[in-house]
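Working notes for the structure below.
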Amino acid sequence: IPLVYFDNAATSQKPQVVIDAISKYYTTINANIHRGVHTLSQLATDAYEVPRQSIQRHINAKHTHEVLFTSGTTHGINLVASGFTQFLKPGDYVMVSAMEHHSNIVPWQMLCERTGANLHVIPMNEKGELIMEEFDKLISEKTKIVSVNHISNALGTINPIKYIIDKAHAVGAAVFIDGAQAAPHIRPDVQALDCDFYAFSGHKTCGPTGSGVLYGKEEWLEKLPPYQGGGEMIKEVTFEKTTYAGLPHKFEAGTPHIAGGIVLGTAIDYLNGVGFDNIAAYEHTLLEYGTQKLLEIDGMELVGTAAEKTSVISFNLKGIHPYDVGTLVDKMGIAVRTGHHCAQPVMNAFCIPGTIRASFAFYNTVEEIDALVTAVKKAQMMLS
Ligand code: 7TS
């Protein structure tokens, strides 16, 4: 049976240009960067700085050195949460939302444990939308950083991040945007948003696993301490004292995922070639079609019905455990994710063990959605 891949929120499939670019890197210019003076090393070093520039343009960062290469969103969040240790004191607040992925909860909890700060959580309503009136009540001069996702992985909700950023700045708080689920669908403009940090993962945006980006405003990146010590992040090392390299190298200790960074650039160029407006418009038709077709099934319970959504449909069938449905549709050749999607607090809020999640990308089709609907109906018959 042909595979229908509807687990794009977990990771995207890779276009041929990306697969070819990985092979081309290792075949033609593989060498360590910034080190040797030999020609190959210079070629690799130059090639590694090219995607930094294309990503700077892509997200509209002011400076190239505000673009840090990471291993993914998780790395970016931990880097900033770790660096904030010195800025927090007992009684301060860190704020996240009720619909965060675990990777945008746990690092901030660890930060609170280290510093004696407390965690505030922006609640959501039954549609899976953040309640801005509650956010307005929670935010205060004691809030030092707010970290929210641009788009929820479990519900597909597009959050009002511009509102959050402006309100947070009004009380002097920094704002971190977890763009893991947004980057495959939306071209973020970090200057227009005025966010202090924006992170995303390469593997969800048609790029290689182990690649990612952390954007940080220059003033914050200058203030934050290095995250890891090691090679390439120093200016001078003696046993008495080490001084650090400038941006972005201060945050890029050790040998990075060179192929990953270069090929992430290829992936972002590829997506821009397809066009983010085209992607958004097409995926919206998939979302509308899928939502309508799935709602025709008896006992269909959609989880996450926000007015502003991307192409993620989380659902349950009345009286049936999501794992059972997921297992059966998988046997019918359809890859969906089932479970809590690393967002257990979301599942707790809806009082459910998990959901079945179909997440669409621009390469999916309505015929594939029809196949999903048929498979879900079959699974329902078998299980009831
Ligand atoms: N933030 C959000 C909103 C995410 O959806 C994910 C991964 C992460 C952070 C972490 O990204 P990583 O690349 O560092 O692991 N989300 C999912 C998902 O929904 N299914 O698998 C991974």
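Counting starts at 1 for both ligands and their atoms, in listed order.
The one candidate from Phe84, Phe251, Tyr198 that meets the ring-ring contact (aromatic ring centres under 6.0 Å, His included) condition with Trp220 is Phe84. Evaluated for a side chain to side chain contact (heavy atoms under 4.5 Å, CB included) with Ile164, the options Ile139, Val146, Leu193 yield exactly one hit, Val146.
Contacts of ligand 1 (protein heavy-atom distance under 4.0 Å) are Ala9, Ala10, Thr73, Thr74, His101, Ser103, Asn153, Asp178, Ala180, Gln181, Ser201, His203, Lys204, Arg337, Arg357.
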Derivation and outcome, side-chain contact (heavy atoms from CB on, under 4.5 Å), residues Glu66 and Leu247: CA-CA 7 Å; Glu66 292 176 321; Leu247 299 175; 6.0 Å; no

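A side-chain N or O of Tyr163 and one of Asp136 form a donor-acceptor pair less than 3.5 Å apart. Asp269 and His58 are not linked by any side-chain donor-acceptor pair at a separation below 3.5 angstrom, with hydrogens and angles left out of the test.
Ring-centre distance between Tyr215 and Phe197: not below the 6.0 Å cut-off.
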